[in-house]
Amino acid sequence: MFRTRLLSGIVLVAVAAGTIVAGGLMLNAVLCAISLIAYRELTKATGVHDGAKKVNGLEVTGFLMIVVYYAGLYISLLRMEEYDRAPVYRVFMAVAVVALLVFLFVYVFSFPRFQAGQVMAAFFELIYAPLLLSSLYIIREGWEQGAILTVLVFLCSWGSDTCAYVVGVLFGKHKMAPKLSPKKSVEGGVGGVVGAALLFGLYTYYVINPVSVDQLRIDLLPAMCLGAVGALVSMVGDLAASAVKRDHQIKDYGKLIPGHGGIMDRFDSVIMAAPFIFFGLALITG
């Protein structure tokens with residue numbers, strides 16, 4: 001199991017690195033595909049998908065909105081003037097509002113096919129995974145050094161998780177959330193936060209600032225604070241995804257990634273970290 005998990009993890013990192021470096025349409029398409037799979041995993045886990053073999057009206061609406069959103073995001077970023085991210089916000093809000101209206105339309109005109117809880121879950125899951133995950137694409141295409149800045153998302157999610165695991169194994173004694181994740185400890189959580197802060201500081205000093213234009217140079221203290229808080233946010237994302245699984249009594253969201261589970265099992269912390277890093281960068285870079 002460890003070997004399978006390690007090999008699939010290496011492949012996953014390689015694919016992530018390749019698509020981030022490529023950026024543009026390739027990254028947009030890959031994130032769209034990941035979002036469609038994540039949405040499907042969530043609808044199956046929470047009961048929006050009600051056991052039928054085919055997708056239902058709520059799922060079709062979600063899938064269509066994901067494709068429309070990523071297409072709109074691609075077009076808006078092509079036309080975006082330097083450091084003007086207003087078009088991105090408009091696409092996000094437009095899709096969110098239209099999606100809600102269409103979900104309600106499906107709910108009303110197929111009544112009593114779906115329950116209100118299913119409709120609310122379908123809308124929440126659209127925002128939760130696909131739309132938040134798109135922040136990776138916005139960071140990559142929204143800054144001149146976007147490929148380098150996007151790495152920050154993975155440092156405060158996968159990087160902090162690795163630090164937390166190592167510290168937890170060595171020093172962990174007090175359980176952080178025993179009912180959600182029995183193996184996570186308070187000491188590991190502290191190690192993840194401190195580790196992310198150090199990773200952000202080192203990455204900013206040795207990678208970002210040496211290659212960035214003057215407008216994008218980042219001071220070390222804000223960078224380390226961004227990493228520390230980002231690590232906390234990613235931990236909440238991890239635990240929130242675990243809570244959904246516990247609520248619905250499932251072990252994994254899927255079996256797509258050998259040794260890891262589904263897309264949601266591997267990207268749960270990234271989904272929360274990505275928008276936080278995006279807004280943090282927008283704040284500290286001006």
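Asn56 places a side-chain N or O within donor-acceptor distance of the main-chain N or O of Leu58, the cut-off being under 3.5 Å. A donor-acceptor pair under 3.5 Å links the side-chain atoms of Glu41 to the main chain of Met264, judged by distance alone. In this structure a side-chain-to-backbone donor-acceptor pair under 3.5 Å is present from Gln118 to Gly47. Not one N or O on the side chain of Tyr128 forms a donor-acceptor pair closer than 3.5 Å with the backbone of Tyr39. Checked by atom type and distance alone, the side chain of Ser157 never pairs as donor or acceptor with a backbone atom of Ser269 at under 3.5 Å. Judged by distance alone, the side chain of Asn209 and the main-chain N or O of Ile218 form a donor-acceptor pair under 3.5 Å.
Within the structure, salt bridge (Lys or Arg N to Asp or Glu O under 4.0 Å) pairs that include any residue of residues 240-254 comprise Lys245-Asp265 (at least two apart or interchain). Note on residues 178-204: no pairs pass ring-ring contact (aromatic ring centres under 6.0 Å, His included), not counting sequence neighbours. Pairs engaging residues 13-37 under the ring-ring contact (aromatic ring centres under 6.0 Å, His included) rule: none recorded [sequence neighbours left out].
Using a cutoff of 4.0 Å between basic side-chain nitrogens and carboxylate oxygens, Glu187 and Lys173 are not scored as salt-bridged.
Summarising the geometry, atom OG1 belonging to Thr204 is positioned 9.0 Å from atom CE belonging to Met224; distances are rounded to the nearest 0.5 Å. Taking CG of Leu132 as the reference point, atom CE of Met272 lies at 6.5 Å (rounded to 0.5 Å). A distance of 12.0 Å separates OG of Ser234 from CD1 of Ile271, quoted to the nearest 0.5 Å. With rounding to the nearest 0.5 Å, the separation of CH2 in Trp143 from CD1 in Ile208 is 11.0 Å. Note: Leu42 CG to Phe124 CZ = 8.0 Å, rounded to the nearest 0.5 Å. With rounding to the nearest 0.5 Å, the separation of CG in Leu220 from CG in Leu202 is 9.0 Å.
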Could you check Leu133 against Tyr137 for side-chain contact (heavy atoms from CB on, under 4.5 Å), going step by step and ending with a plain yes or no?
CA-CA 8 Å; Leu133 188 61; Tyr137 180 69; over 6 Å; no
- Task: Go through the steps for Leu226 and Phe276 under the test side-chain contact (heavy atoms from CB on, under 4.5 Å), then give the verdict.
- Result: CA-CA 9 Å; Leu226 184 65; Phe276 176 79; 3.6 Å; yes
Test side-chain contact (heavy atoms from CB on, under 4.5 Å) applied to Arg113 and Val106, step by step: CA-CA 9 Å; Arg113 172 71 173 81; Val106 172; over 6 Å; no
Applying side-chain contact (heavy atoms from CB on, under 4.5 Å) to Ile263 and Tyr253, what does each step give before you reach the verdict?
CA-CA 7 Å; Ile263 289 294; Tyr253 283 99; over 6 Å; no
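Tyr89 OH: more than 12 foreign heavy atoms inside a 6.0 Å radius. For His248, the NE2 atom counts as densely surrounded, since its 6.0 Å shell holds more than 12 non-hydrogen atoms of other residues, nucleotides or ligands.
In the hydrophobic clustering of this structure, Tyr107 groups with Leu100; members are Ile, Leu, Val, Met, Phe, Trp, Tyr whose side-chain heavy atoms approach within less than 4.5 Å, directly or through other members. Both Leu131 and Phe279 sit in one connected hydrophobic cluster of ILVMFWY residues. Membership requires side-chain heavy atoms under 4.5 Å apart, directly or through other members. Under a hydrophobic clustering in which Ile, Leu, Val, Met, Phe, Trp and Tyr are joined whenever their side-chain heavy atoms come within less than 4.5 Å, directly or via other members, Val190 and Val166 fall into different clusters. One hydrophobic cluster, built from ILVMFWY side chains closer than 4.5 Å, holds both Val244 and Val119. Taken together through direct or relayed side-chain contacts under 4.5 Å among Ile, Leu, Val, Met, Phe, Trp and Tyr, Val48 and Leu104 form part of one hydrophobic cluster.
Closest approach of Ala274 and Ile139 over heavy atoms only: O-CD1, 3.9 Å. The two residues Thr19 and Leu27 make their nearest non-hydrogen contact at O-CB, 3.6 Å. Nearest heavy-atom pair, Ala241 versus Asp268, reported as atom, atom and distance to 0.1 Å: CB-CB, 3.4 Å. Among all heavy-atom pairs drawn from Ala196 and Ser160, the shortest one is CB-CB, 3.8 Å. The shortest non-hydrogen separation linking Phe123 to Ala96 is CE1-O, 3.3 Å. Annotation for Pro275 and Ser135: closest pair CA-OG, 3.3 Å, computed over non-hydrogen atoms.
Counting heavy atoms from C-beta outward, Arg266 and Trp158 have side chains that approach closer than 4.5 Å. Looking only at side-chain heavy atoms (C-beta outward), Ile34 and Val30 come within less than 4.5 Å of each other. Residues Glu125 and Thr43 are in side-chain contact: their nearest non-hydrogen atoms beyond the backbone lie under 4.5 Å apart. Side-chain contact between Cys225 and Ile284: absent, with no pair of heavy atoms (C-beta onward) separated by less than 4.5 Å. Contact check for Leu239 versus Lys184: side-chain heavy atoms found under the 4.5 Å cut-off. Tyr165 places a side-chain heavy atom less than 4.5 Å from the side chain of Val169. For the pair Met235/Val193, a side-chain contact is recorded, criterion being any heavy-atom separation below 4.5 Å from C-beta on. Counting only heavy atoms from C-beta outward, the side chains of Ile277 and Cys156 approach each other to under 4.5 Å.
In this pair, Phe105 and Phe109 present their aromatic rings tilted. The plane angle is within the 30 to 60° band.
Applying the 4.5 Å side-chain rule to ILVMFWY residues, one finds Val97 in the same cluster as Leu101.
Scored by the side-chain hydrogen bond (donor to acceptor under 3.5 Å, both in side chains) test, Ser242 finds no partners at all (sequence neighbours excluded).
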Distance-only donor-acceptor pairs under 3.5 Å for side chains of residues 63-72, two or more places apart:
| unit_1 | atom_1 | unit_2 | atom_2 | d |
| --- | --- | --- | --- | --- |
| Tyr69 | OH | Ser134 | OG | 2.6 |
| Tyr70 | OH | Ser35 | OG | 2.9 |
| Tyr70 | OH | Pro130 | O | 3.0 |

